[in-house]
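Here is the naming used below: chain letters follow the sequence lines, and residue numbers restart at 1 for every chain.
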Amino acid sequence: MIYLDHNATTPLHPRVLDAMLPYLRERFGNPSSPYRLGREAYAAVNRARRRIAEFLGAMPDEIVFTSGGTEADNLALRGVTRALFKSGNHLVTSTIEHHAVLKTFGDLEALGHRVTYLPVDPHGIVDAAALRDSLAPETILVSVMLANNETGVIQPVDEIVAIARERGVLVHTDAVQAAGKLSLRLHALGVDLASFSAHKICGPKGVGALYVRRGTPLAPLFTGGSHEDGTRAGTENVAGIVGFAEALAVACEAQDEQIARLGRLRDTLEGEIRARLDDVIVNGGQAPRVANTSNISFKGVEGESIVLQLDLAGIFVSTGSACTTGDPEPSHVLLGMGVDPLAAKGAIRFSLGPTTTNEDVAFTAPRVVDAVRRLRALSSLGERL
Amino acid sequence: MIYLDHNATTPLHPRVLDAMLPYLRERFGNPSSPYRLGREAYAAVNRARRRIAEFLGAMPDEIVFTSGGTEADNLALRGVTRALFKSGNHLVTSTIEHHAVLKTFGDLEALGHRVTYLPVDPHGIVDAAALRDSLAPETILVSVMLANNETGVIQPVDEIVAIARERGVLVHTDAVQAAGKLSLRLHALGVDLASFSAHKICGPKGVGALYVRRGTPLAPLFTGGSHEDGTRAGTENVAGIVGFAEALAVACEAQDEQIARLGRLRDTLEGEIRARLDDVIVNGGQAPRVANTSNISFKGVEGESIVLQLDLAGIFVSTGSACTTGDPEPSHVLLGMGVDPLAAKGAIRFSLGPTTTNEDVAFTAPRVVDAVRRLRALSSLGERL
Amino acid sequence: MDEETSASRSEEDPAQSQEGIDSFDPMSGPMLFYNDRVIDHFTNPRNVGDLSEGAAIGFGLVGDPRCGDQTKLWIEVSSGRIARVRFRSFGCPGAIATSSMLTVLAEGRTIEEARAITDDDVIEALGGIPARKKHCSLLGVQALRAAIDDHEKRSSAAREDPA
Amino acid sequence: MDEETSASRSEEDPAQSQEGIDSFDPMSGPMLFYNDRVIDHFTNPRNVGDLSEGAAIGFGLVGDPRCGDQTKLWIEVSSGRIARVRFRSFGCPGAIATSSMLTVLAEGRTIEEARAITDDDVIEALGGIPARKKHCSLLGVQALRAAIDDHEKRSSAAREDPA
Ligand SMILES: Cc1ncc(COP(=O)(O)O)c(C=O)c1O
Ligand SMILES: Cc1ncc(COP(=O)(O)O)c(C=O)c1O
């Protein structure tokens, strides 16, 4: 099995499972319980909080644990919107955000907020200059992701922060696909909120975090016990939180080396495919990208057919974001970049990870070529290329 | 170590961990991914859904997975309130609900809803008759828990359903402390929504479920991918969900036998303590209770001091709900029942579980007696008893 | 929750279960839950290609690739029967497999029989396809009917203008 | 998030770490995070009891048990010094331990010295107590002051009415 869909989810790193197991066995206390067993669990959660804060360049009390990236995004967007409803109802985002952000803005629109969607250029980069024009006195929040999940393109969040700051507007960034793939120093970056998800960095599914800069107004999404300083109620997923911290530690320790290694593998993959197939476009290939992601359009074929043929060969890739597979529409990210709809339908995302080897890439490239050739040979669009 | 705080959280059953491990190792796929690895994860989630539905007397499509009991409660209350905001803004609950429910109603009040809090009688039973008087044309939802987490007292949810049904009002029940301790047939019970949490039944922390009867209007708490039929976005905690189903299976298989066994142990514990100490009240002791829970007030001492002294002896108990420890106020549940504030401050919750043995109880009872005697001897209230 | 989508979650066809998979709902969820017969027709599609122009030929084109799948289908009619049939598809595995199966069902049939083939016939012959993919099976059926129409137009044109 | 509560999460006293616990914040979180010295004074409180009526005695009572903790404290004054001190507490471990430590600090002191003892002195002598429990330490200090006042009232009454 060759797994090249690390942007969808990742295998747990063995160190992560080892870190979690004691909390799935004897250290099962509730962190809110006042006796030793509870204090042990509480200490584990706070130790994880400190480690994560350190890796991200933040303070421990700025990390709020959630059930994943989706909840972190919702907490940020709904939480700020509610906390600042008296200050204004205008929000800004981009057209290429993950559905966890886009659908949430859609819902906020349904609830009466006004949302501006910043366009992206043909390279997949959000137009930060357009932000300046969109800002209004009633603008309260801008949300632009750090790295796109489909193309890997890195967004100019620093510029966005600079523009928003001038106007006193808060900035959220969905950093789910940036963690472990870019150096993150949140204080230096200057965002007010940032979302993370453990299962994208060889941690467990069902755990994430929201970074909330001190002083940022935020209403909770759920209420109950006074966990997470009242920002997020509910008994903590102790084992998951411990695993999240360990995963981030593993990712950060090896980060520079992995970035270099995965960049080389990604370039090899793209090079081999381009050398042997015509009418191939690397979407976002001209922009700064995280090293592990390659989004390639194969004109004349449909992505899903490539996915299935590779699946049958034991290679796992996807057409785009996992949670929209099943959706016959071409990717909103690619369309947003101005990719031709036919090319968008023939797009495949290859996303590499720490366990990806040279052999994986060497095995994959020719099979991609074969799949595309075969499907093109039977495609009704043969002549349109 | 003797753990008598199973209402706070429970150790994972070994079968549960075994069921989870493959999903923390090789079966790491994202359930939304279209290739084999994803389908395997998707199948696991749906198999868990079917098993849980069967154990609860519901249909698989009526089970929505959440990050825990708190999220399930919030999804139910906020989701119905939002879905039915055009039908009315009056809500009914009781004074003895868990904070996940009570604080959420508090927040809904802050958002402009009207909430009626049904009183309880001295035995800790919600006054179902008072519900009839509280119902108004704009009433949309009643939420009353199935078993109280502090006293174990079983609530007349069937009567509440009967009254609410006549008036077309939806009923939610927080069944977090009832699962595994009572036979649950949700269709027969007739509630529209019911909350569950895995970590209360020897399953993992950070997973729960909301039962949503077919046709019940419900807005999501978070938005994003179209997971859980659009009711709850976010990559599924696959291992946690699989563990939840296994935990419920284990609990249900042994349920009748455990209920009988824990009831006997609980009666022994209460009997030994009462035989050797004066001025002891079993709160809710005259009401129908789940078999594992005993809430005892020791007049003249503060509960926290008993907790610490038992902790030092290796016995873990609590003063009440785990997530309000740290709160110096006496229990709202006991005060709601009309327990004298001084007696409420001297309350200890003993909650037994599947691993509790005769020896645990035999060891615990005399240590409780010693602790209370010692603390009474140094109490400034000695003469007030 | 919508009764229809929800209900589909619990439907299940155990025949669809595959190695290493406890059991899953083929009709719902991620869309590539195809059975072995569908996968066979996707992997080895029958009757791929085209037929060159001629009086006995009919050609059908269905679907706009910019907003969905596309199938082209050619038939050669001989003595009122479909003697040969060829197709090309741009589309998902469902579109390819259903078009392929359609050609198998159509070959050798009379024009009337061929025109009577429905998308349900195709789905049945394949042993089922995921609910969300059912629309795919219409492509081939519609392309076949278009090809038959085209053939009839040509033959009547040929009759009218027998030069 | 409130700057103050949030900030407290990261404060840490490594001296507080206990066996089997990687490290935790003693100043926040679940409230029974007491250090060993506090636990010693809770387990073996010093000077528990009461002193019988008499001219040399002072009695202080602080706190309403219905809404908090309660401490009763007796002193016996001899030559302007606290010769003996006794207490009883209804309360949490913090209330018991701080009252106990207070009696240790007060014993043998002059009235003036005893009156100058603050809750911070008690907390320091105990090596710290959880932030949420700091109010407990006021109980003993206030009871001591009340006992001193009571003693002074009695002695001046005795001086005025030396019968
Ligand atoms: C950019 C981005 N944001 C948010 C999410 C959602 O995170 P989670 O899967 O933890 O809900 C994902 C992953 O699906 C993502 O790629
Ligand atoms: C009755 C009740 N409801 C809700 C909850 C919250 O569940 P969770 O701990 O999974 O958030 C609890 C447990 O704390 C509970 O006892």
Taking heavy atoms only and a threshold strictly under 4.5 Å, list by residue number the residues of residues 143-154 of chain D that touch chain B; give 'none' if the list is empty.
none
Could you look at B:Ala344 and say if it's the side chain, the backbone, both or neither that has a heavy atom under 4.5 Å from chain D?
neither
Sort B:Ile306 into side chain, backbone, both or neither according to what part of it lies under 4.5 angstrom from a heavy atom of chain D.
neither
Which heavy atom in D:Thr98 sits nearest to a heavy atom in D:Gly94, and how many Å separate them?
OG1-O, 2.7 Å
Over-ring placement of D:Arg88 relative to D:Phe59, 6.0 Å and 45° cut-offs:
no
Side chain, backbone, both or neither: which part of D:Asp69 has a non-hydrogen atom closer than 4.5 Å to chain B?
both
Most heavy-atom pairs under 4.5 angstrom with chain B, which of D:Thr43, D:Asp50, D:Val48?
D:Thr43
With a distance cut-off below 6.0 Å to the six-membered ring centre and an angular limit of 45° from the axis, does B:Arg367 pair with B:Phe363 as a cation-pi contact?
yes
Suppose the criterion is salt bridge (charged side-chain N to carboxylate O under 4.0 Å, His left out): which pairs have a residue in residues 94-105 of chain D, not counting sequence neighbours?
none
Candidates B:Thr293, B:Thr151, B:Asn149, B:Asn295 - the one meeting side chain to side chain donor-acceptor pair (under 3.5 Å) with B:Asn7:
B:Thr293
Does the D:Glu113 side chain pair with the main chain of D:Thr110, one donor and one acceptor, at a distance under 3.5 Å?
yes
Does atom CD of D:Glu124 have more than 12 heavy-atom neighbours, drawn from other residues, nucleotides or ligands, at distances under 6.0 Å?
no
